[in-house]
Amino acid sequence: TNANTVIRVDGSAGNLGTSIDFESYLGFETGKQINRINARYRFTDKHSLKYAFFQLNRGSNKVIDRSLVIGDTTYDVNADLTARFYYSLQSVSYGYALHSSEDARLDLLGGLYYIETELSISEPSLGRSEAVNGDGPLPLIGLNYERNLSGAWNLGASATLFKLDVGDYDGTVLDGRVRVDYQFTDRFGLGLAYNWQRLNVGVEGTNASGDFDLTTTGAEISAVLRF
């Protein structure tokens, strides 16, 4: 999975923080192998449940070549920083078949995301640090399409969306996936997929303000189990 992470954390007095590209400024690795879980249970011809989960946990140590303002702390040029960023996304959705035939199916999805984020940056030599975290559920809506191409070959595509603009918060989550798999038996197969996800959340309030932007893309090799 490839990731691009840009975060800004403003100070409590309203001073604007630095928009930090974690891969460029702090040396976070852009590509990392991660595990994903995708599961679906179809309990009638028209109704199904879907669950998905993945997490991204990265860290770095870097001597910075420019000053950074994070929250109420300013880190000067040549500061030796230790940074860690954790992000996880779970989704649970109900699917209703808008179209269902022997070879193809189109589901309308509705459900919830649950997002967790943790960010910490410290300068151990001076005993200074900043940490922010957040978590919570968000509603989602989307579509899921599946088609049997011929015999053991299957094609699938899904896209889900969330957008919020309420009070101090303005955010968008976009999640897309395309996959193809081959069933060696009725119960076991192998699949190849491509995933794309964009999360952007802005906060402009009296107690906290800042901006968080994360884009992840990547190919996936998976085992497909059917019961």
Name the atoms and distances for all side-chain donor-acceptor pairs under 3.5 Å in residues 215-227, with sequence neighbours left out.
residue: E220; atom: OE1; partner: N195; partner atom: ND2; Å: 2.9
residue: E220; atom: OE2; partner: R177; partner atom: NH2; Å: 2.6
residue: R226; atom: NE; partner: Q183; partner atom: OE1; Å: 3.1

Checking side chain to side chain contact (heavy atoms under 4.5 Å, CB included) for the pair S93/L140: CA distance, chi angles, key distance, verdict?
CA-CA 8 Å; S93 57; L140 71 86; 4.1 Å; yes
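- Put simply, the side chain of L89 reaches to within 4.5 Å of the side chain of Y113, judged on heavy atoms.
- Between the D10 side chain and the G17 main chain, a donor and an acceptor come within less than 3.5 Å of each other.
- With values rounded to the nearest 0.5 angstrom, Y75 atom OH is found 9.5 Å from L126 atom CG.
- Other residues, nucleotides and ligands place no more than 12 heavy atoms under 6.0 Å from the CG atom of D186.
- Put simply, OH on Y87 and CG on N57 are 13.5 Å apart, with the number rounded to the nearest 0.5 Å.
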Could you walk me through whether T82 and N61 pass the side chain to side chain donor-acceptor pair (under 3.5 Å) test, one step at a time?
CA-CA 5 Å; T82 297; N61 294 95; 2.6 Å; yes
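- The closest side-chain heavy-atom distance from V63 to D80 is below 4.5 Å.
- Here the closest non-hydrogen pair linking F28 and A83 is CE1-CB, 3.7 Å.
- Each of V132 and L16 belongs to its own hydrophobic cluster when Ile, Leu, Val, Met, Phe, Trp and Tyr are linked at side-chain heavy-atom distances under 4.5 angstrom.
- D135 CG: more than 12 foreign heavy atoms inside a 6.0 Å radius.
- Between Y94 and F43, the ring-plane angle classifies as tilted under the 30° and 60° cut-offs.
- For the atom pair OH (Y25) and CD1 (I64), the distance works out to 11.5 Å, reported to the nearest 0.5 Å.
- Legend: residues meeting ring pair (Phe, Tyr, Trp, His ring centres under 6.0 Å) with W153, ordered by chain and number and at least two apart, are Y182.
- Residues F22 and I20 meet the side-chain proximity criterion, which asks for heavy atoms closer than 4.5 Å.
- Of all heavy-atom pairs spanning E130 and I70, the tightest one is CG-O, 3.4 Å.
- A donor-acceptor pair is defined here as one N or O able to donate and one able to accept, closer than 3.5 Å; no such pair exists between the side chain of R179 and the backbone of S158.
- A cation-pi arrangement is present between R36 and F54, with the terminal nitrogen or guanidinium carbon under 6.0 Å from the aromatic centre and inside a 45° cone about the axis.
- Looking at V9 and L119, their side chains come closer than 4.5 Å, going by heavy atoms from C-beta outward.
- For the pair R58 (side chain) and E29 (backbone), a donor-acceptor distance under 3.5 Å is present.
- The aromatic rings of H47 and Y96 lie tilted to each other, with the angle between the two planes from 30° to 60°.
- A donor-acceptor pair under 3.5 Å is formed between the side chain of T18 and the backbone N or O of V69.
- Cluster annotation: W196 is not connected to L143 through the hydrophobic network of ILVMFWY side chains, with a link wherever side-chain heavy atoms come within less than 4.5 Å.
- To the nearest 0.5 angstrom, T5 atom OG1 is 4.0 Å from E23 atom CD.
- Atom CG of residue D21 and atom CD1 of residue I7 lie 10.0 Å apart, to the nearest 0.5 angstrom.
- Side chains of D76 and S67: a donor-acceptor N/O pair is absent below 3.5 angstrom, by distance only.
- A donor-acceptor pair is defined here as one N or O able to donate and one able to accept, closer than 3.5 Å; such a pair exists between the side chain of S60 and the backbone of L26.
- Counting only distance, with no hydrogens or angles, the side chain of S122 and the backbone of P124 share no donor-acceptor pair below 3.5 Å.
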Kindly indicate, with the supporting measurements, whether the criterion side chain to side chain contact (heavy atoms under 4.5 Å, CB included) is fulfilled by T117 and L214.
CA-CA 11 Å; T117 60; L214 172 66; over 6 Å; no
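- When all heavy atoms of S129 and T73 are compared, the pair lying nearest together is O-OG1, 4.4 Å.
- Listed by chain and number, the residues in a side-chain contact (heavy atoms from CB on, under 4.5 Å) with Y51 are I37, F53, Q90, V92 (sequence neighbours excluded).
- Within the 4.5 Å cutoff, the side chain of D211 has heavy atoms near those of the N200 side chain.
- In this structure the side chain of I34 reaches within 4.5 angstrom of the side chain of L56, judged on heavy atoms.
- By the rule that hydrophobic residues join a cluster once side-chain heavy atoms approach within less than 4.5 Å of another member, V201 and L112 end up as members of separate clusters.
- Nearest heavy atom pair, residue Q55 against residue S88, reads CB-CB, 3.8 Å.
- Hydrophobic clustering, with ILVMFWY side chains joined whenever heavy atoms are under 4.5 angstrom apart, keeps Y145 apart from V178.
- Panel note: side chain K46, backbone S100; no donor-acceptor pair is recorded below 3.5 Å.
- The two residues V173 and L199 have their closest heavy-atom pair at CG2-CD1, 3.3 Å.
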Would you check, one step at a time, whether the test salt bridge (Lys or Arg N to Asp or Glu O under 4.0 Å) holds for R128 with E123?
CA-CA 5 Å; R128 301 193 301 166; E123 188 176 9; 2.8 Å; yes
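- S24 and K62 make their closest contact through O-NZ, 3.4 Å (heavy atoms, listed as atom of the first residue, atom of the second, distance).
- Taking CG of N144 as the start and CZ of R105 as the end, the distance is 8.5 Å to the nearest 0.5 Å.
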